[in-house]
Amino acid sequence: MEMTGGSGNGIQWLADWDGWYVGLTFARGIPPGELALRLGALPGIRPGPLGATDAWSMVTETMDGDGVARVGSWGGWSFAVEHGMPAGAERLAEVSRSGIEAVHLDPQPDHPPKQFAYARDGELVCCFGLGEEGWRGGHRPDFLLKELVAARILAPDGTHAGPGDEPCAERDRRTLAVLEHRFALSLPRRLIEDTPLPAFVTCTQ
């Protein structure tokens, strides 16, 4: 079963998301099952639809260095909620091969800031930490500069422009709003936290 739906939920709520050892990978142009395979899904191992609690229990109690990816689709993107050691960041260029767009978001509550990365057609285009947009990586680090400047997150020269005393959650929410608009990303929180989704065991090696 695949969850499908439209827009209207956005991703700005991720500013308050503090999941441990969990990440989100989005892909536009491939179905959820193909996204799981590109994230390293092991053939023939399908634990069935799992909610977040059961997926985390499977990672901590029965796995040995592997992860669990719960997948679905929403708003024109396939998505994977990766429990354990998320492979999306390391495999994002591979996920995006053959003309696919891919976005990875990692809350990293144990080692902030939250991380964003965007890849397309086998290449890491742009990446940065939320709140550290002045230090951008990828083959086109200024890919989102225009949007970040328009949102007054960065100055035209690529340095920080926001108030120094801005609360971290509000700062992150402004950057997530830019990503939400630029990539038309939308995902209800209930799909990540409450809804049983088709699950795959993924190899993180």
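Quantities reported herein were computed from a predicted structural model and do not represent experimental measurements.
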Heavy atoms of Ile11 and Leu187 approach each other most closely as CG2-N, 4.2 Å
Any side-chain heavy-atom pair of Leu154 and His160 under 4.5 Å
yes
Do the non-hydrogen side-chain atoms of Pro196 and Leu50 ever get within less than 4.5 Å of each other?
no
Steps toward side-chain contact (heavy atoms from CB on, under 4.5 Å) verdict (Val95, Leu39)
CA-CA 7 Å; Val95 170; Leu39 289 171; 3.8 Å; yes
Stepwise side-chain contact (heavy atoms from CB on, under 4.5 Å) check, Glu133 with Thr175
CA-CA 9 Å; Glu133 295 84 358; Thr175 298; 2.6 Å; yes
Check whether any side-chain heavy atom of Val103 lies under 4.5 Å from a side-chain heavy atom of Leu185, and answer yes or no.
yes
Any sub-3.5 Å donor-acceptor pair from His83's side-chain atoms to Trp56's backbone N or O?
no
Looking only at heavy atoms, the pair that brings His139 and Glu123 closest together is ND1-CG, 3.2 Å
Does Asp194 have any side-chain contact (heavy atoms from CB on, under 4.5 Å) partners at least two apart in sequence or in another chain, and if so, which?
Arg190
What are the two closest heavy atoms between Leu191 and Arg70, and how far apart are they?
O-NH2, 3.2 Å
Is the shortest distance from a Lys or Arg side-chain nitrogen in Arg182 or Glu147 to a carboxylate oxygen in the other one below 4.0 Å?
yes
Taken in chain and number order and not counting sequence neighbours, the residues that satisfy ring-ring contact (aromatic ring centres under 6.0 Å, His included) with Tyr118 are Phe143, Phe183
Distance (rounded to the nearest 0.5 Å) between Gln12 CD and Leu179 CG
10.0 Å
Lys/Arg-Asp/Glu bridge criterion (N-O < 4.0 Å) met for Glu170, Arg173
yes
If you round to the nearest 0.5 Å, how far is NE2 of His104 from CZ of Arg91?
12.5 Å
Would you say Arg140 and Cys126 make side-chain contact, with heavy atoms under 4.5 Å?
no
Of all heavy-atom pairs linking Asp16 and Ala169, the shortest is OD1-CB, 4.0 Å
Applying side-chain contact (heavy atoms from CB on, under 4.5 Å) to Asp172 and Leu14, what does each step give before you reach the verdict?
CA-CA 8 Å; Asp172 292 352; Leu14 291 170; over 6 Å; no
Side chain of Ser96, backbone of Ala102: donor and acceptor closer than 3.5 Å?
no
What distance separates Ser73 OG from Ile30 CD1, expressed to the nearest 0.5 Å?
11.5 Å
Could you check if a side-chain atom of Thr202 sits within less than 4.5 angstrom of a side-chain atom of Glu82, using non-hydrogen atoms only?
no
What distance do Phe128 atom CZ and Arg136 atom CZ have between them, rounded to the nearest 0.5 Å?
8.5 Å
Those residues at least two apart in sequence (or on a different chain) that pass ring-ring contact (aromatic ring centres under 6.0 Å, His included) with His181 are none
